[in-house]
Amino acid sequence: MEENIRRLKELIDGSDNIVFFGGAGVSTESGIPDFRSVDGLYNQKYKYPPEEILSHSFFERNPEEYYRFHHEKLRLTGAKPNAAHRKLAEWEAQGKLKAVITQNIDGLHQAAGSKNVIELHGTLLRTYCSRCGKPYPFELVNEGEGVPRCDCGGVVRPDIVFYEEPLKDEDIERAVHFIREADVLIIGGTSLVVYPAAGLINYYRGHKLVLVNKGETGADSYADLVIHEKIGEVFSQL
Ligand code: OAD
């Protein structure tokens with residue numbers, strides 16, 4: 001076992017207050033592309049930049065184009081949790097991990113068995129009418145064609161946080177609580193460039209900050225342990 005993975009294992013074995021903060025890189029080994037890698041969503045060519053398509057005003061203005069993108073790129077097609085999701089669920093079941101805080105919207109942490117998951121950017125698995133709030137089955141958005149409509153005529157939307165929309169206060173408060181109290185904070189599979197989510201790691205007060213990310217991030221310089229490898233491959237050795 002490599003030295004830095006052995007060090008991570010020591011930190012994990014010695015803690016019963018681990019918190020995980022992650023992003024799209026956690027799901028790439030399940031076959032879901034991330035946003036900013038070379039083969040990520042933001043480096044593919046669309047009529048509009050994906051950041052614009054994923055904004056509140058664009059959704060309101062142009063639901064047809066939004067849903068073209070959604071059905072092509074955000075549709076969930078049966079991806080399964082990988083070793084990283086599974087290991088986090090295992091640590092929680094053993095009482096070692098207190099929370100998973102994720103920017104992902106694919107529900108794979110819960111599919112792996114994690115219970116205390118804070119989904120900062122919401123989830124594709126819930127949908128509701130953007131006009132009257134009525135909930136709809138997820139399949140309507142995931143499997144349909146065109147723009148899904150509510151009985152009231154409003155456009156049904158996924159319960160994800162679009163650009164220009166605030167995160168839920170309750171999610172922020174809970175995330176801050178767990179990060180502030182954490183003994184070991186593991187950050188994994190995130191470029192740490194999207195705020196306010198990325199800023200939450202600044203609430204960590206400990207000295208066991210671990211980063212497991214394929215590429216470099218702005219937090220590399222102050223992390224206590226940095227591992228530039230695939231997170232599923234790393235976690236499967238722990
Ligand atoms: P990004 O695509 O910005 O970053 C993913 C990071 O994961 C990159 O640094 C990759 O190098 C790394 N990575 C990819 N595969 C990996 C693997 N197998 N193991 C370890 N690291 C890996 O994704 P996020 O940081 O999650 O927001 O992006 C944040 C937000 O930007 C998303 O939640 C989304 C997006 O716009 C909204 O839609 C609101």
Side-chain angles (χ1 to χ4, degrees), residues 2 4-5 8 20-44 46 48-59 66 69-70 72-76 79-88 100-109 112 117-126 141 157-168 171-172 175 186-201 210-221 223 225-238:
E2 270 178 51
N4 52 11
I5 299 183
L8 174 57
F20 182 79
F21 179 93
V26 175
S27 291
T28 54
E29 286 161 273
S30 294
I32 300 177
D34 65 10
F35 295 90
R36 296 177 182 79
S37 290
V38 277
D39 51 354
L41 281 186
Y42 289 178
N43 288 313
Q44 304 176 16
Y46 304 101
Y48 304 91
E51 296 94 325
E52 190 182 337
I53 302 178
L54 289 168
S55 70
H56 176 85
S57 52
F58 188 91
F59 179 84
Y66 170 81
F69 178 86
H70 185 111
E72 200 178 315
K73 297 294 170 192
L74 298 182
R75 197 194 289 271
L76 295 177
K80 298 276 184 300
N82 63 50
H85 301 103
R86 287 197 299 272
K87 190 58 77 173
L88 291 165
V100 168
I101 302 163
T102 183
Q103 298 159 87
N104 296 351
I105 53 180
D106 54 31
L108 288 184
H109 286 294
V117 183
I118 301 170
E119 296 176 302
L120 294 171
H121 293 163
T123 175
L124 290 169
L125 292 158
R126 279 192 308 267
V141 163
R157 61 169 283 177
D159 192 0
I160 62 177
V161 177
F162 288 132
Y163 284 95
E164 302 162 356
E165 292 179 337
L167 308 195
K168 289 193 182 123
D171 288 341
I172 295 181
I186 307 176
I187 301 171
T190 172
S191 58
L192 293 175
V193 297
V194 174
Y195 286 77
L200 294 175
I201 63 169
V210 181
L211 247 155
V212 185
N213 207 67
K214 242 168 58 181
E216 288 183 7
T217 73
D220 285 19
S221 56
L225 176 60
V226 178
I227 302 179
H228 282 158
E229 290 174 47
K230 288 187 179 175
I231 192 165
E233 288 178 7
V234 171
F235 276 29
S236 62
Q237 298 174 59
L238 300 173

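Counting starts at 1 for both ligands and their atoms, in listed order.
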Seminar exercise, completed: atom 30 (C) of ligand 1 sits nearest the protein heavy atom Val194 CG2, 3.6 Å
For this session: Provide, to 0.1 Å, the distance between atom 13 (N) of ligand 1 and the closest protein heavy atom, together with that atom's residue and name.
Result: Gly25 CA, 3.6 Å
For this session: Provide, to 0.1 Å, the distance between atom 28 (O) of ligand 1 and the closest protein heavy atom, together with that atom's residue and name.
Result: Arg36 NH1, 3.1 Å
Problem set entry | atom 33 (O) of ligand 1: nearest protein contact (heavy atom, Å) | His121 ND1, 2.7 Å
Problem set entry | ligand 1 N/O within reach of Ala24 N/O, cut-off under 3.5 Å | yes
Problem set entry | Carboxylate-amine/guanidinium proximity below 4.0 Å for Arg157 and Glu165 | yes
Exercise. Is Glu229 in contact with ligand 1, taking contact as a heavy-atom separation below 4.0 Å?
Worked result: yes
For this session: Mark the output for Gly232 as yes if a heavy-atom distance to ligand 1 is under 4.0 Å, and as no if none is.
Result: no
Exercise. Nearest protein heavy-atom contact for atom 15 (N) of ligand 1: which residue, which atom, what distance?
Worked result: Thr28 OG1, 2.9 Å
For this session: Give the residue and atom name of whichever protein heavy atom lies nearest to atom 32 (C) of ligand 1, and the separation in Å to one decimal.
Result: Phe35 CE1, 3.5 Å
Problem set entry | Phe162 and Tyr66 aromatic centres sub-6.0 Å | yes
For this session: Answer yes or no for Gly189: is there a heavy-atom contact with ligand 1 below 4.0 Å?
Result: yes
Exercise. Any nitrogen or oxygen of Ile231, main chain or side chain, under 3.5 Å from a nitrogen or oxygen of ligand 1?
Worked result: yes
Exercise. Tell me, which protein residue and heavy-atom name are nearest atom 21 (N) of ligand 1, and how many Å apart are they?
Worked result: Lys214 N, 3.0 Å
Exercise. How close does the nearest protein non-hydrogen atom get to atom 8 (C) of ligand 1, and which residue and atom is it?
Worked result: Asn213 ND2, 3.8 Å
